[in-house]
There are 2 protein chains.
Amino acid sequence: MNRLRISEILESKADLLNKEVLVRAWVRTFRNDKFITLNDGSTIDNIQVVVDGEADYKEILKKISPGASIEVKGLLIPSQGKGQDVEMKADSVVVLGESNANEYLLQSKRHSLDFLRSNLHLRMKTNTFGAVMRVRHTLSYAVHKYFHTKGFYYLHTPIITSSDCEGAGEMFNVSTFSPNKAPVDEQGEVDYKKDFFGKKTSLTVSGQLQAEIGAMALGQVYTFGPTFRSENSNTSRHLSEFWMIEPEVAFNDLTDNMDLAEDFIKYVIRYTVENCQKDIEFLDKRHSDEQKSLSKERRGKLGLIESLNYVLDKKFIRVSYTEAIDILLKSSPNKKKKFNYLIDKWGVDLQSEHERFLVEQHFDSPVAVYDYPKDIKAFYMRLNDDKKTVRAMDILFPGIGEMVGGSQREERLDLLIDAMKSFGISQKELWWYLDTRKFGTVVHSGFGLGFDRLVSFVTGMSNIRDVIPFPRTPKNADF
Amino acid sequence: MNRLRISEILESKADLLNKEVLVRAWVRTFRNDKFITLNDGSTIDNIQVVVDGEADYKEILKKISPGASIEVKGLLIPSQGKGQDVEMKADSVVVLGESNANEYLLQSKRHSLDFLRSNLHLRMKTNTFGAVMRVRHTLSYAVHKYFHTKGFYYLHTPIITSSDCEGAGEMFNVSTFSPNKAPVDEQGEVDYKKDFFGKKTSLTVSGQLQAEIGAMALGQVYTFGPTFRSENSNTSRHLSEFWMIEPEVAFNDLTDNMDLAEDFIKYVIRYTVENCQKDIEFLDKRHSDEQKSLSKERRGKLGLIESLNYVLDKKFIRVSYTEAIDILLKSSPNKKKKFNYLIDKWGVDLQSEHERFLVEQHFDSPVAVYDYPKDIKAFYMRLNDDKKTVRAMDILFPGIGEMVGGSQREERLDLLIDAMKSFGISQKELWWYLDTRKFGTVVHSGFGLGFDRLVSFVTGMSNIRDVIPFPRTPKNADF
């Protein structure tokens with residue numbers, strides 16, 4: 001007799017009713033020596049097992065406690081109790097692995113997110129983290145499905161790199177040298193020629209430059225892989241290792257790029273809402289309970305499902321940086337000095353408080369801000385005719401701030417070289433990048449979307465450490 | 001008027017015939033001042049543009065050479081020439097980006113794979129590498145589609161790790177210390193407490209141990225991400241950074257595991273053969289041309305498409321290690337001392353030549369070898385009752401040798417501890433891994449499949465550096 005996953009049983013419950021089924025799963029609760037709830041991770045739903053004929057089971061039942069793994073064979077019958085349509089009437093119960101009730105940390109009581117962060121090896125067994133991980137999976141799948149259907153090719157850009165895409169520093173070194181025992185050259189400098197790759201190498205902060213190469217050949221590509229930042233930020237918004245999605249499209253200008261980003265985000269959220277309904281409903285309830293525990297000022301305006309529908313229903317507002325600054329200059333929190341960073345002139349970078357004001361107060365919609373001052377953006381963005389702004393765009397979300405950052409790339413060789421000079425980017429190191437502008441250069445655009453931040457938005461988990469199975473943050477690479 | 005990709009035009013050629021279309025793409029060839037072949041990476045197929053009325057175009061045509069990017073508007077018409085059904089009659093041609101014919105490296109002549117490896121930024125523009133990358137994409141998509149459809153959850157296991165899964169060493173260090181300037185403790189040892197993560201960290205060699213945690217919670221998970229090995233192997237089979245797929249399934253034993261691996265491999269290959277027909281046909285021809293250039297002894301028995309069908313059509317043979325050793329001991333190349341490594345007794349590891357003998361000579365089929373001696377396998381594999389062998393399995397392919405390595409995991413706490421002791425694996429470091437056996441332990445199994453090796457098999461590219469866009473190998477992390 002084949003074992004069925006609980007998801008399979010519940011999906012086919014009409015067909016399986018009054019038939020014998022075999023389940024292997026972990027015990028969630030065991031009440032009154034009679035009712036066992038089981039979960040096998042396939043779905044957030046448990047299946048209830050009713051154990052009858054206590055005498056037969058006495059020795060077995062002693063070994064059943066939360067966390068134990070058991071095998072149950074029995075009839076699937078209509079449930080007598082509340083909370084489920086069907087349940088199993090046990091014919092046989094076998095304990096596969098016990099779980100010492102005095103030692104097992106996940107008893108039926110609720111655990112703080114913080115406690116669970118110290119027990120990453122157990123937390124996916126909880127309802128909350130099971131739901132988050134299934135949503136994360138579904139969003140990932142939607143990402144691949146979207147791009148595949150649109151004719152994009154998935155490009156595995158390198159993790160170990162000898163170039164620094166953003167010129168921003170904050171990269172992890174990758175080496176096989178023993179620290180403090182690296183060979184030195186005649187000048188007493190570390191001799192990277194003798195390191196594994198024959199030069200200084202780091203973990204990538206972005207696959208964009210390589211994705212541009214891909215787009216120049218394959219037309220439309222995307223990356224979806226880990227990226228790294230060694231910034232010492234111990235916040236609920238930063239991970240040292242995070243997954244990023246970076247599409248890059250030949251012949252797309254900035255408007256096409258904003259269209260793509262909006263269509264993409266809506267697609268993956270809609271797909272997930274439609275395919276993870278039960279998990280999202282659970283997380284919506286969890287989010288709402290969490291909100292209730294917050295002071296009124298810190299509560300969000302929208303519930304989780306409301307905020308997902310908000311994004312799905314609105315046509316994203318598009319506004320230039322210059323217009324956005326005008327709005328902010330004239331805004332009440334700026335005049336009343338409520339912003340921590342007051343906006344005093346054109347040219348300053350937008351802080352999270354400004355982004356949220358635009359989205360949540362002024363426009364009441366997701367907003368794409370475009371044409372930023374060149375000095376606050378990266379070297380590879382296309383210069384506008386005003387010579388002051390570049391074809392950058394950021395998409396801002398309620399609650400979360402920046403969800404997407406992208407640009408039309410500078411395809412004109414001479415202007416790219418000018419920008420590299422002014423940003424201090426080595427032309428010698430990026431000769432291959434310059435080559436893409438020398439031979440058959442074309443208009444092209446792309447963006448980056450921090451996948452973990454998207455999962456955070458879709459699950460309502462406000463700490464980004466709670467949306468990835470094994471978060472890496474300063475002073476923490478456990479498990 | 002909207003630009004169409006060449007793949008879109010060719011897919012809808014019946015509808016578009018005698019209509020005007022707009023194409024933006026790169027020039028492959030330009031013959032007789034009249035025929036331009038264009039490719040935009042969306043498909044291996046080019047579209048031919050016929051330029052008429054030379055006088056109008058004289059200045060423009062001067063700027064058209066291989067590698068240039070152009071925009072063409074014109075009627076899609078039935079082709080007069082050979083090699084294509086339809087072509088474009090140009091109404092207007094605009095040069096977007098020139099390509100200096102004296103400097104551009106990809107002229108129409110053929111380039112050696114080795115030459116292209118020094119020009120990674122250009123090689124995806126060739127027919128061969130365009131086809132390889134589209135096949136790589138399609139295989140990736142099939143991986144996600146297979147697991148999603150079967151109810152697996154995609155798990156993003158960590159890249160930066162403080163544990164060494166295999167206990168095998170050969171890991172890259174990850175650090176923010178300046179080499180030779182790392183702080184030291186009172187004993188004069190490097191003080192990793194002061195490093196970014198507060199301990200010694202490396203790049204992962206496998207996500208398996210974390211995937212086991214996932215399987216204990218979500219039931220069926222898979223990883224698909226980069227893994228790293230700092231082995232100093234400059235061969236055509238090794239990359240320092242490679243993509244690995246690792247499914248892990250609660251309640252699966254070794255037979256289920258072999259069933260899963262066979263079903264999975266056949267699915268992704270079949271999906272790719274069906275969805276990348278033109279690219280595979282091109283690569284089959286390339287492979288066949290390459291074979292002709294080899295000496296007779298070095299030629300493979302099968303063409304590329306033949307070898308794909310070979311895998312799809314055969315039921316993989318399953319044979320125990322002990323049976324395999326018997327076969328090899330009695331084999332003609334062993335008796336005639338033709339093997340480089342002669343098989344003299346039970347217990348030795350199989351070399352590539354032995355694996356290929358079993359697959360290509362003895363069984364004439366892909367082969368799964370199982371129940372290996374415990375001493376030549378990893379600590380986490382389940383001990384058999386004979387106390388000598390473990391529930392490991394390798395799947396061996398023609399030409400390529402080991403395609404999959406997997407095992408049923410040791411789920412019994414006491415036996416796992418014994419194995420860790422005998423392999424010298426720290427229990428203190430892997431306390432969380434031991435916990436999975438303490439609380440609700442279950443039978444479970446999984447395997448690892450090197451994705452790049454699979455791409456190599458499906459594309460017929462014999463050097464693994466030619467199946468990933470930006471290969472990382474000893475002394476090479478360029479681009």
Side-chain angles (χ1 to χ4, degrees), chain A residues 3 24 26 40-42 67-69 96-97 99 104 121 124-125 133-134 137 140-141 144 148 151 153-156 158-160 162 172-177 179-180 182 190 196-198 201 210 213 217-219 226 230 241 243 251 432 435 439-442 468-470 472 474-475 477 479, chain B residues 3 24 26 40-42 67-69 96-97 99 104 121 124-125 133-134 137 140-141 144 148 151 153-156 158-160 162 172-177 179-180 182 190 196-198 201 210 213-214 217-219 226 230 241 243 251 432 435 439-442 468-470 472 475 477 479:
Chain A
R3 169 215 168 209
R24 296 196 187 100
W26 290 273
D40 65 4
S42 61
S69 47
L96 306 171
S99 173
Y104 187 58
H121 64 309
M124 286 188 276
K125 287 173 173 275
M133 290 307 147
R134 284 185 294 268
H137 160 79
S140 298
Y141 188 66
H144 289 295
H148 178 75
Y153 298 110
Y154 182 28
L155 201 71
H156 287 137
I159 309 304
I160 297 173
S162 53
F172 290 102
N173 306 320
V174 173
S175 172
T176 51
F177 285 154
N180 289 352
V190 171
F196 189 87
F197 292 109
T201 49
Q210 290 92 351
I213 286 180
L218 303 167
S230 68
E241 173 180 318
W243 284 67
F251 309 111
W432 47 269
D435 260 16
F439 305 105
T441 190
V442 301
I468 189 166
F470 303 94
R472 269 68 181 109
K475 301 296 171 203
F479 300 92
Chain B
R3 170 214 168 209
R24 296 196 187 99
W26 289 273
D40 65 4
S42 61
S69 47
L96 304 172
S99 173
Y104 188 58
H121 64 309
M124 286 189 277
K125 287 173 173 274
M133 290 307 146
R134 284 185 294 268
H137 160 79
S140 297
Y141 188 66
H144 289 295
H148 178 75
Y153 298 110
Y154 182 30
L155 201 72
H156 287 137
I159 309 302
I160 297 173
S162 53
F172 290 103
N173 306 321
V174 173
S175 171
T176 52
F177 285 155
N180 287 354
V190 171
F196 189 89
F197 292 110
T201 49
Q210 290 92 352
I213 287 179
L218 303 167
S230 67
E241 173 180 319
W243 285 68
F251 308 112
W432 48 270
D435 260 16
F439 306 105
T441 190
V442 301
I468 188 165
F470 304 94
R472 269 70 183 106
K475 302 295 173 204
F479 300 92

dist A:Phe470:CZ -> B:Ile159:CD1 (nearest 0.5 Å) comes out at 12.0 Å
Look up atom CG in B:Asp435 and atom CZ in A:Phe479, then write down how far apart they are to the nearest 0.5 Å. 8.5 Å
In terms of heavy-atom pairs under 4.5 Å with chain B, which of [options] leads?
options                                : answer
A:Pro158, A:Ala182, A:Pro469           : A:Pro158
A:Tyr153, A:Tyr154, A:Tyr104           : A:Tyr153
A:Leu218, A:Thr441, A:Leu96, A:Ile468  : A:Leu218
A:Lys475, A:His144, A:Met124, A:Lys125 : A:Lys475
A:Ala477, A:Gly219, A:Ala68, A:Gly151  : A:Ala477

Go through the atoms of A:Ser140 and report whether side chain, backbone, both or neither lie under 4.5 Å from a heavy atom of chain B. side chain
Side-chain heavy-atom pair [X], [Y] within 4.5 angstrom cut-off:
X        : Y        : result
A:Trp26  : B:Val442 : yes
B:Pro226 : A:Pro226 : yes
B:Thr201 : A:Arg472 : no
B:Phe251 : A:Arg3   : yes

Contact winner vs chain A - B:Glu241, B:His156, B:Met133, heavy-atom pairs under 4.5 Å: B:His156
If you count heavy-atom pairs under 4.5 Å between each of B:Gly198, B:Gly67, B:Ser69, B:Gly214 and chain A, which one has the most? B:Ser69
Assert yes or no for the condition that the ring centre distance of B:Phe172 to A:Phe172 is strictly below 6.0 Å. no
Contacting moiety of B:Trp432, where chain A heavy atoms sit under 4.5 Å: both
Side chain from CB out, backbone as N, CA, C, O: work out which of these in B:Gln210 comes under 4.5 Å of a heavy atom of chain A, or both, or neither. both
What's the shortest heavy-atom distance between B:Phe439 and A:Ser99, and which atoms? CD2-OG, 3.7 Å
Which word best sums up how the rings of B:His148 and A:Tyr141 line up, parallel for under 30°, tilted for 30 to 60°, or perpendicular for over 60°? parallel
